[in-house]
Novice: 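Sending over a structure as structure tokens; questions will come in a sec.
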Number of protein chains: 2
Amino acid sequence: MSGTRREIPNDPGRKERILDAALDVISECGVHSTTHRKIAARADVPLGSLTYYFDGMADLLAQAFARLSDTMSRLYRQTLLSAGSTAEAEAAVVELICGPAYATERDMTLIFEMYAYANHNAAVSVTTRTWLERSRDSLALHFTPGVSRALDALIEGWPMHRAFADAPLDRRLVTETVHAIVTAGPRLSTDRA
Amino acid sequence: MSGTRREIPNDPGRKERILDAALDVISECGVHSTTHRKIAARADVPLGSLTYYFDGMADLLAQAFARLSDTMSRLYRQTLLSAGSTAEAEAAVVELICGPAYATERDMTLIFEMYAYANHNAAVSVTTRTWLERSRDSLALHFTPGVSRALDALIEGWPMHRAFADAPLDRRLVTETVHAIVTAGPRLSTDRA
DNA sequence: CTCAAGTCTGTACGACCGTACACACTCGTC
DNA sequence: GACGAGTGTGTACGGTCGTACAGACTTGAG
């Protein structure tokens, strides 16, 4: 408008492709052996692109994890939004814990990596905190704050065990545990939100 | 006995000091930026010692995490062994979730790092699996298998949230949730162990 | 003491990494 | 077509890393 074009990328969407490639590399190699070169190769972009779009490795990882967190939060919320009753919400929670849809092996690995890395990177730390808060907010659509907190802990902890156990989760046990917590709901104190 | 001495180290305990130093470095810097040199400096031993005692970085990390797992398992078991009744066992579980004794910031960070690294290292993967099994076995001293599994998930997941939340855990809520699960115990199926 | 056998270490090397930056390319404007 | 502002890239450099290894050191036996 003022004479010459501005800020018009030659290859739109490139940044996102790099972030997706980064998540792929992280899930396969772990943050500890993720490098610019591996990501560039995976995204099929030149090495220089990474320093062009991102301000160093820490920035790249932070944005990749932010993207992961966003994707997961959306899936999470959608799953709970689709529940029309408390009973359906309970089933949704069970699904989040047991179902392969929510926690693929890739996703679980990435979440582990994010939690670990968050302890050493301020930006990823707030991303993680935000993701946990959003989870709780989604649960709060159907449950009291106390129940939400308890279920959230369960949703975090149980797939974690599943990730390392050789046997699949016992769906009936999960269902009954969720129900026990929800049933105890009215008695669960909600000291602070 | 057969002529000359054998396998008598000049500096016994050195290996363990290196492993402790490694855990310090991991908790401070994360596996992703843990190096031989940082560990050597922290342990105040020459760089060459690390290659002398350990067969590469992966081996060093694996042994460090094995040491961590062992320490934690022992504390865990001791806490539950000291409970004389189901009520005391419940209190012990609450303590494990809320108490600062079990999950110091350093320990939580290390556990996160172990879980993340386990997905990329076979030896650490079995260490992690063993640690989870030992946790469940300790719980089984007081609870049915089903309840043990549910509580174990809670013990894993709740401190995880605590680690990133700004507010401390609501002890009353934890107590009541644990009680709800234990109370539901007889009804909790134990499909497979 | 002397002497091996075994324990340890200081140094150096090759590999790989992150990053900077000079240059090539693209495309709206004229 | 020519221009040039802004977009994107190939390469090369300094730095750090893991690791190998020649040799110094320790120690019990003779």
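These numbers were taken from a predicted model, which means no experiment stands behind them. Chain letters run A, B, ... following the sequence lines, proteins first and then strands; every chain starts at 1.
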Novice: Checking B/R17 now: which residues fulfil salt bridge (charged side-chain N to carboxylate O under 4.0 Å, His left out) with it, not counting sequence neighbours?
Specialist: B/D11
Novice: Kindly state each residue pair satisfying salt bridge (Lys or Arg N to Asp or Glu O under 4.0 Å) with at least one member in residues 110-122 of chain B, sequence neighbours excluded.
Specialist: none
Novice: Please go through B/L47's hydrophobic cluster and name the other residues, only I, L, V, M, F, W, Y counting, with side-chain heavy atoms under 4.5 Å joining them.
Specialist: none
Novice: With sequence neighbours left out, what residues match A/R129 under salt bridge (charged side-chain N to carboxylate O under 4.0 Å, His left out)?
Specialist: none
Novice: Give me each pair satisfying ring-ring contact (aromatic ring centres under 6.0 Å, His included) with a member in residues 135-156 of chain B, each pair once, sequence neighbours excluded.
Specialist: none
Novice: Can you list, by residue number, the residues of residues 42-52 of chain A that have a non-hydrogen atom closer than 4.0 angstrom to DNA chain D?
Specialist: A/P46, A/G48, A/S49, A/Y52
Novice: Show which residues join A/L81 in its hydrophobic cluster (side-chain heavy-atom contacts under 4.5 Å, direct or indirect), or state none.
Specialist: A/L141
Novice: Could you tell me which non-hydrogen atom of A/V31 sits nearest to which non-hydrogen atom of A/I26, and how far apart they are?
Specialist: CG2-CG2, 3.9 Å
Novice: Not counting sequence neighbours, which residues clear salt bridge (charged side-chain N to carboxylate O under 4.0 Å, His left out) with A/D24? List them please.
Specialist: A/R42, A/R106
Novice: Which residues in residues 20-37 of chain B have at least one heavy atom lying under 4.0 Å from any atom of DNA chain D?
Specialist: B/T34, B/T35, B/H36, B/R37
Novice: Just jot down the salt bridge (charged side-chain N to carboxylate O under 4.0 Å, His left out) partners of B/D70, sequence neighbours excluded, or say none.
Specialist: B/R74, B/R134
Novice: Could you list the protein-to-nucleotides 23-25 of chain C atom pairs, N/O on both sides, closer than 3.5 Å?
Specialist:
none

Novice: Which residues in residues 60-67 of chain A have at least one heavy atom lying under 4.0 Å from any atom of DNA chain C?
Specialist: none
